Amino acid sequence: MFVAGGDAERFPFHSEVGVVNWEVSTMQVRKQFPFAVFEPTWQQHWIENSTFRAANPGEPGSEKPKYYALDMFPYPSGAGLHVGHPEGWIATDITSRCRRMRGFNVLHPMGWDAFGLPAEQYAVQTGTHPRDTTEKNIATFRRQIQALGFSYDWSREINTTDPAYYKWTQWIFIQLYKKGLAYVSHAPVWYCPALGTVLANEEVLPTLEGPRSERGNHPVERRPLRQWMLKITAYAERLLADLDQLDWPESLKEMQRNWIGRSEGAEVQFKVASSEVAADGSSAGIADTITVFTTRPDTLFGATYMVLSPEHPFVEKITTSEQRDAVQKYKAEVANKSDLERTDLAKSKSGVFTGAYAINPVNSEKIPIWIADYVLMGYGTGAIMAVPAHDERDHEFAIKYNLPIIEVVESLHSAAGLREADSAPFTGEGHAINSGFLDGLPTAEAKAKMIDWLEEKKLGTRRIQYKLRDWLFSRQRYWGEPFPVIWNGDQHDVISENDLPLTLPELTDYQPSPEGNAPLAKAKDWLKLPDGRIRETNTMPQWAGSCWYYLRYCDPKNEHALIDPAVEKYWMGEKGVDLYIGGAEHAVLHLLYARFWHKVLFDIGVVSTSEPFHKLVNQGMILGEDNRKMSKSWGNVINPDDVVTEYGADSLRLFEMFLGPLEQMKPWSTTGIEGVYRFLGRIWRLVMEENQEGEWLFAPAKVTDAAPSLELLRGLHAGIRKVTEDIEKLQFNTAISALMVLVNDLTKEPVRPRAAIETLLLLLAPFAPHMAEELWHQLGHDKTLAYEPWPQADPKYLVQSESEIVFQVNGKVRGHVTVAAGSSKEVIEAAARALPAFAEWTAGKTIRKVIVVPDKLINFVVG
RNA sequence: GCCGGUGUGGUGAAAUGGCAGACACGACAGACUCAAAAUCUGUUAUACGCAAGUAUGUGGGGGUUCAAGUCCCUCCACCGGCACCA
């Protein structure tokens with residue numbers, strides 16, 4: 001899922017050898033601490049000792065409370081990482097390391113979302129099997145990620161292209177199929193000739209050049225093709241309602257709400273009066289019924305015409321002979337229009353009269369039926385009742401074609417009659433006028449009463465409508481999960497769960513056919529079963545594997561089930577994933593799809609919660625130093641490997657977190673990273689010194705076993721509290737600044753108390769784990785600090801014995817006065833009145849009011 | 001157009017309605033050095049002032065409050081999302 005946008009393949013990270021020779025040699029002289037030695041050493045130590053292995057139920061360690069910190073797993077592209085990728089991963093790693101020290105059993109895994117188009121396109125060009133490309137890229141990504149010192153449990157690494165993994169992706173599809181949530185459709189779908197595949201609505205973006213593929217920005221077009229659909233619309237209500245219980249950014253929840261697009265309203269049935277009969281004045285001769293959806297049933301008295309989508313099946317049936325040519329011509333025009341033209345808001349409305357009339361059920365008025373492309377076949381019933389007085393689109397259309405406008409809602413504020421006929425329509429709520437039995441009712445009541453009336457007369461019904469469409473789930477590609485489906489003529493069925501996984505056949509030619517046949521159709525032996533039936537040749541979209549990967553981490557090796565129920569209860573119980581951090585670009589795709597699958601799995605008893613991700617945070621994008629999005633074309637991409645070589649992984653981790661609030665977009669800064677690098681150097685030199693040969697050695701003379709001073713202890717415990725609270729709130733930038741304050745205090749001491757240094761290292765460990773481990777080791781500890789108890793702030797060092805009170809006159813600071821902490825208002829006022837500044841600023845004035853905030857300030861209001 | 005977010009020094013940014021600018025970057029000055037780098041120390045919102053100090057200052061305007069970056073109204077700019085969804 002998580003492709004670094006559009007970047008072309010390139011050879012992974014060879015720093016330009018030779019070009020920067022001079023720089024490199026001087027840089028090596030300048031290294032403030034030997035990170036290049038101890039960082040790889042500790043990374044190896046953690047892996048060899050399985051330091052971060054999380055305990056599953058039944059294993060020692062599982063008696064602890066669990067914490068599940070999840071990263072969005074990457075698509076391993078050929079371009080390798082850039083510094084934006086690890087931002088969220090660093091954040092969850094800090095949280096994970098801190099939680100471990102606080103006694104939690106932490107699940108913090110990483111894996112690969114490795115199906116996808118780039119490897120397949122590379123295969124089309126070079127014939128290299130996507131599996132080989134994928135393996136190579138994964139090796140690169142793994143090496144880069146491990147160089148950053150993340151505390152992943154690598155025994156749980158997963159890969160969506162592994163048959164042992166996608167066996168269960170296929171298994172979930174079978175469950176969807178059996179529940180009737182997977183079906184075949186022949187409706188027109190978005191097809192991308194350049195990519196040789198169909199795309200989901202969500203993967204198509206409207207652009208100035210017309211609709212384009214989200215990936216690669218290629219033109220796309222509508223084609224009627226046989227496709228697999230998933231009935232996500234069946235879950236629309238639950239997907240919407242359950243958002244309320246999630247601790248997600250409000251903006252993201254709002255995006256999902258808008259995407260689901262729930263509207264309450266009514267369906268109303270209009271009888272069609274044939275125009276032939278109408279021509280001779282008779283109102284008999286009912287031909288048919290057209291159903292419309294409206295959110296404003298209260299305006300039914302104002303419906304002066306009706307509009308069908310040009311694709312509406314009734315159009316042929318109702319069009320009169322006189323209008324047939326015009327209607328045919330208009331339909332042809334619309335069909336030839338690009339979707340850009342059709343959805344361009346700037347263009348004026350167009351449409352054609354069908355010659356037919358409908359009867360407004362509420363007043364038996366005959367109203368003309370038009371077709372117009374501003375009514376979409378894909379929403380509601382593909383037909384509307386037009387109320388030009390109270391809808392902007394209907395109003396514009398009515399003005400253009402000179403259709404009647406009847407006002408039926410009066411604004412509560414403006415008097416009736418002031419509105420000119422061609423001014424903007426009133427679309428708000430008010431009370432009903434010109435509406436018979438609704439007159440005088442406020443909009444909400446009028447809606448309810450009209451619906452009751454329609455239901456009673458069997459002319460309509462209450463209806464909830466969603467914008468959400470079903471999920472187009474098939475792709476004409478090779479490098480994806482094959483569908484576990486077999487066709488017998490027009491009949492389809494799923495294969496037995498016992499025959500999973502259905503693996504991909506080997507191919508030599510990965511090119512899709514121009515007419516939209518999938519590459520798998522070329523695997524003749526695979527395609528045809530002995531009994532003559534054939535396999536489905538489509539594959540699943542890349543979203544499939546990422547829909548449920550967080551479950552597989554819990555039980556990655558289980559051959560008998562997607563996840564063991566006891567394991568599921570332990571890791572996913574109550575709140576599911578405790579913390580999920582990733583980019584906002586997945587707001588409606590991955591996060592909606594995954595929620596949908598999770599609810600299906602909940603319904604069939606595989607998982608025990610209805611929502612997968614309890615708390616979700618979007619990290620902000622890291623921009624280039626020029627404040628532009630990092631991209632090869634701007635030449636502003638920063639490669640983490642270069643940063644690690646120059647400053648070390650700890651510096652990179654610390655800097656990305658120090659840059660600013662996690663959620664905010666922020667530019668990279670090369671000088672900024674030197675700041676945190678120097679900070680780490682200062683910590684290093686608190687206990688280490690360099691000898692004549694340039695070797696760093698532990699300096700016992702710098703460390704004392706004597707107790708820290710009271711002042712130092714106060715600073716230390718204030719620091720403990722601040723760092724602990726800030727990590728909990730994911731405010732890593734201020735946590736780091738608290739660490740800096742602490743280090744500045746310690747630097748000033750000629751000899752540092754060991755206890756204070758050790759506390760500092762424990763607080764530092766989540767942020768800069770390599771240095772913390774190394775110095776912890778230098779101080780004589782022989783075990784990793786990853787499970788040392790997290791320092792506790794002692795309240796007795798947090799209370800101050802004295803408070804400095806701000807002295808204000810009329811809200812302006814005029815001095816300070818120190819009193820004993822907890823002093824009464826009277827004591828503070830007396831102390832303030834004793835200040836020389838008091839006489840100076842209140843001389844000749846009357847004191848009208850005195851405001852005292854204990855331990856904070858005193859304000860004299862004078863005049 | 002609608003929805004959401006952001007706006008604070010030269011820069012990245014701090015700030016339960018209670019001393020705006022913590023912590024860093026950069027800049028300037030000093031120490032160390034033959035010299036430089038690194039390191040250490042100090043200064044650094046703006047204006048006036050030798051200084052003590054005074055005034056001004058959190059996108060613009062208005063309001064609530066003893067007190068507003070913070071709360072309310074309104075406008076502007078930028079970023080993200082949606083966009084003929086009836």
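Naming convention: chains lettered A, B, ... in sequence-line order (proteins, then strands); numbering from 1 in each chain. A quick note: this is a predicted structure, and the numbers were derived from the prediction, not measured.
Residues A:M740 and A:F658 are in side-chain contact: their nearest non-hydrogen atoms beyond the backbone lie under 4.5 Å apart.
Relative to the side chain of A:S263, the nucleotides B:U54, B:G12, B:A86 differ in distance, and B:A86 lies closest. When the nucleotides B:A13, B:A15, B:C66 are ranked by their closest atom to the side chain of A:K849, B:C66 comes out on top.
Shown here, B:A86 forms no base pair; nothing in the strands shown gives a Watson-Crick or G-U wobble contact with both key distances under 3.5 Å. When Watson-Crick and G-U wobble pairs are counted only if both distances are under 3.5 Å, B:G80 pairs with B:C3. With a cut-off of 3.5 Å on both Watson-Crick or G-U wobble distances, the partner of B:C71 is given as B:G63. Pair assignment for B:U54: B:A47, on the basis of Watson-Crick or G-U wobble contacts that are both within less than 3.5 Å. Here B:C23 sits opposite B:G12 as a Watson-Crick or G-U wobble pair (both hydrogen-bonding atom distances under 3.5 Å). Pair assignment for B:C32: none, as no Watson-Crick or G-U wobble contacts are both less than 3.5 Å.
Nucleotide B:G18 holds its P atom 17 Å from the CD1 atom of A:I828, rounded to whole Å. Taking atom CH2 of A:W248 as the reference point, atom C1' of B:G81 lies 16 Å away to the nearest angstrom. What separates CD of A:E392 from C1' of B:C84 is a distance of 10 Å, to the nearest Å. Between the CG atom of A:N258 and the P atom of B:C3 there is a distance of 10 Å, given to the nearest Å. The CD1 atom of A:I622 sits 15 Å away from the P atom of B:G12 (whole-angstrom rounding). The distance from atom CE of A:M621 to atom P of B:G5 is 19 Å, rounded to the nearest whole Å. As rounded to whole Å, 13 Å separates atom C1' of B:A13 from atom CD of A:Q731. The NZ-C1' distance, from A:K812 to B:A20, rounds to 14 Å in whole Å.
Between the side chains of A:N360 and A:Y305, not a single donor N or O lies within less than 3.5 Å of an accepting N or O. Defined by atom type and a distance below 3.5 Å, a donor-acceptor pair is present between the side-chain atoms of A:E674 and A:Y647. When only modelled atom types and interatomic distance are considered, A:S309 and A:Y379 share no side-chain donor-acceptor pair under 3.5 Å. Checked by atom type, the side-chain pair A:R682/A:Q32 shows no donor-acceptor distance below 3.5 Å. Side-chain contact, A:E396 with A:S348: no donor N or O sits under 3.5 Å from an acceptor N or O.
At the phosphate of B:U39, OP1 or OP2 sits under 4.0 Å from a side-chain N or O atom of A:Q32. Here A:N627 does not reach the OP1 or OP2 of B:G12: none of its side-chain N or O atoms lies under 4.0 Å away. Between A:S251 and B:G80 there is no side-chain polar atom (N or O) within less than 4.0 angstrom of OP1 or OP2. Put simply, A:N859 has no side-chain N or O that comes within less than 4.0 Å of OP1 or OP2 on B:G18. An OP1 or OP2 oxygen of B:A38 is reached within less than 4.0 angstrom by no side-chain nitrogen or oxygen of A:R685. Put simply, A:R678 has a side-chain N or O that comes within less than 4.0 Å of OP1 or OP2 on B:G26.
The nearest heavy atom of RNA chain B to A:A738 and to A:E250 marks one nucleotide each, and the one closer to the 5' end goes with A:E250. Nearest-nucleotide assignment on RNA chain B puts the 5′-proximal partner with A:K748, out of A:G811 and A:K748.
Taking atom C1' in both B:C76 and B:G10, the straight-line distance is 25 Å, to the nearest Å. A distance of about 48 Å separates the P atoms of B:G57 and B:A35, rounded to the whole Å. Nucleotides B:U56 and B:G60 are separated by 16 Å at their P atoms, to the nearest Å. When the P atom is used for both B:C82 and B:C72, the distance is 28 Å, rounded to whole Å. Between the P atoms of B:C40 and B:A24, the separation comes to 11 Å (whole Å). Nucleotides B:G59 and B:A20 are separated by 16 Å at their P atoms, to the nearest Å. B:G17 and B:G12: their P atoms are spaced 25 Å apart (whole Å). Rounded to a whole angstrom, the distance from the C1' atom of B:U16 to that of B:C71 is 14 Å.
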Is there a side-chain hydrogen bond (donor to acceptor under 3.5 Å, both in side chains) between A:R262 and A:Q465 once you walk through the steps?
CA-CA 6 Å; A:R262 182 183 197 271; A:Q465 179 68 38; over 6 Å; no

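For RNA chain B, the residues of residues 659-668 of chain A within the heavy-atom distance limit of 4.0 Å (strictly under) are A:L659, A:P661, A:Q664, A:M665, sorted by number.
Ion pairing between A:R653 and A:E87 fails under the 4.0 Å rule for side-chain N and carboxylate O. We find that A:R257 and A:E250 are joined by a salt bridge, their nearest charged nitrogen and carboxylate oxygen being less than 4.0 Å apart.
Environment of CD in A:E237: crowded, with over 12 heavy atoms of neighbouring residues, nucleotides or ligands closer than 6.0 Å.
Nucleotide B:G57 is shown with an anti base, its glycosidic torsion being more than 90° from 0.
For A:E804 against B:C19, a side-chain N or O and a base N or O form a donor-acceptor pair under 3.5 Å. No hydrogens or angles were tested; on distance alone, nothing pairs the side chain of A:K856 with the base of B:C19 as donor and acceptor under 3.5 Å.
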